[in-house]
There are 2 protein chains.
Amino acid sequence: MAEQAGTARRTPLSRERILRTAIALADAAGIGSLSMRNLAQELGVVPMALYKHVANKDELLDAMIDMVVGEIDTPMPDTEWKQAIRGRILSARSALQRHPWAALAIESRNMATPAILGYLDSVVATLRSGGLSADLAHHVMHAMGSRVLGFSQELFDTTRDAGRSGPSTAPQPAAMPPEVAARFPHLAEIATAASHDDASVVGSGCDDQFEFEFALDLLLDGIERLQQQGWTSAHR
Amino acid sequence: MAEQAGTARRTPLSRERILRTAIALADAAGIGSLSMRNLAQELGVVPMALYKHVANKDELLDAMIDMVVGEIDTPMPDTEWKQAIRGRILSARSALQRHPWAALAIESRNMATPAILGYLDSVVATLRSGGLSADLAHHVMHAMGSRVLGFSQELFDTTRDAGRSGPSTAPQPAAMPPEVAARFPHLAEIATAASHDDASVVGSGCDDQFEFEFALDLLLDGIERLQQQGWTSAHR
DNA sequence: ACCTGAACACCGTTCAAGT
DNA sequence: ACCTGAACACCGTTCAAGT
């Protein structure tokens, strides 16, 4: 008891320490098991003590999100726009992968945090400096959607939240049971079709990174083509 | 009291009635305010009575999702694959728009419900019948992600859940305040750039339908191009 | 056998009492 | 003035008691 009080005193409560602990807790056990009460317990503190440093749980989540967004690389100057955007988005993706709870947290909030706005602003700046019209850049940002932040709603995403332990466990989806394959033959067919690593991969183990980059490049290439054609929304 | 008992007896509790009431409640008040307890109250029933018809809340949500997915149009035969997919996805979109809570509900569950699998299977069937290789179809399904179900994580999506009243209110994002515009000049620029309806639209009021179709067509056109080039993932 | 009220183990947050 | 325990109004679900 005296021990704990001593420890708490050595590293007193602060917004910084609350945020770091909250993120560590969400990383380890999933956002679903992050509560004000067990966060306080983890910090060796009474729940109400947290409210000195954060207004409420929503504000805590916003601050956690901002901290993750802060991990995204700053833009590399003097890079061709398509490569610059590509690199930036892949950096965002790896930041979000370090914190598997973040994507869902961003989605369920209304997400106009300053850090996110700053990041988006810099992405638009890159597009504009690459010669895209403001009009096209607008639609491009919509088309990218959450992908610009490094995530997209994959169907059957096993890595999202789900409580489980850290991201390293990487729970592969179980191979499709025969009766399911029989009911959904076309899904069964394409599940085994993609030659990701080698032909021995059967159904399970999609290469998420490959799929993300495939979709990203599909969009970026399409955008580049539109730009070169001088596309404007007046086409409508 | 006797009145209520009489009413409850006239339309006795059933899985069907529970689901319809739950969906109506989520439509009206948001998924956040759907609880087993107030669903029971809405039905004039004690909370525990629900558990005769649904195993638990998770199973209830799955069943609600399946009912929404059931609203998606069945595929039109003898249609060129790109148009068939396009029409199907836009139908999925309008189904999800009728139930604004559904997209977030689908995302936060692991979403391998039978209805969703059946829908996805039929989409793959259309791709295959259009001549896409199983390999390409696989990556296409990944690239489409949740868009194939008619939604995508838009940045600043105001229509998602948020509790509010029905979808008809359509809360437009407030125009960007001057101090925000000053901090994020590139966002401010593109916010006013898109000539959606006419030049008088300033910052607010993006045409969601236009943006959705813009991104969808960007992907579909890119996919068609890959198919015509005989693309395979062996390119890696 | 069926139904259901009370209870359990949570939650975020308020508020008044204690120092 | 500061801190915090108890309390409030919830939640999903268990379980035993009542019919």
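Predicted model, so just to flag it, every value in this text is computed and none were measured. The chains referred to below are lettered A, B, ... by the order of the sequence lines, with proteins before strands, and numbering in each begins at 1.
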Value in whole Å for how far the [atom2] atom of [N] lies from [atom1] of [X]:
X: A/Met36; N: C/dT14; atom1: CE; atom2: C1'; result: 13 Å
X: A/Leu50; N: C/dG12; atom1: CG; atom2: P; result: 10 Å
X: B/Leu39; N: D/dG12; atom1: CG; atom2: P; result: 9 Å
X: B/Asn38; N: D/dT13; atom1: CG; atom2: C1'; result: 16 Å
X: A/Lys57; N: C/dC11; atom1: NZ; atom2: P; result: 8 Å
X: A/Leu60; N: C/dG12; atom1: CG; atom2: P; result: 10 Å
X: B/Tyr51; N: D/dG12; atom1: OH; atom2: P; result: 7 Å
X: B/Asn56; N: D/dC11; atom1: CG; atom2: P; result: 17 Å

### Summary
Output row for DNA chain C, stems defined as at least 3 consecutive Watson-Crick or G-U pairs under 3.5 Å, is C:4-8 with D:12-16, C:12-16 with D:4-8
### Message
Just to verify, what does A/Asp58 make a side chain to side chain contact (heavy atoms under 4.5 Å, CB included) with, not counting sequence neighbours?
### Response
A/Asn56, A/Arg109
### Option among A/Leu34, A/Ile23, A/Leu25 that satisfies the side chain to side chain contact (heavy atoms under 4.5 Å, CB included) test with A/Trp101
A/Ile23
### Query
Does A/Gln41 CD have over 12 foreign heavy atoms under 6.0 Å away?
no
### Query
Sub-3.5 Å donor-acceptor pair from the side chain of A/Arg88 to the main-chain atoms of A/Asp73, do we have one?
yes
### Query
Would you say B/Ser146's side chain and B/Phe151's backbone share a donor-acceptor pair under 3.5 angstrom?
yes
### Query
If you measure from the Lys or Arg side-chain nitrogens to the Asp or Glu carboxylate oxygens, is any gap between B/Glu213 and B/Arg93 under 4.0 Å?
no
### Query
With a 4.0 Å cut-off, would you call B/Glu179 and B/Arg183 a salt bridge?
no
Restricting both atoms to N or O, compile the protein contacts to nucleotides 2-7 of chain C shorter than 3.5 Å, with distance only.
none

### Query
Do A/Leu120 and B/Phe184 come close enough that some side-chain heavy atom pair is under 4.5 Å?
no
### Query
Is there a side-chain contact between A/Val69 and A/Thr113, using heavy atoms and a 4.5 Å cut-off?
no
### Query
Quantified in whole Å, what is the P atom distance between nucleotide C/dC8 and nucleotide D/dG18?
16 Å
### Query
For atom P, what is the distance between D/dT13 and C/dT13, given to the nearest Å?
22 Å
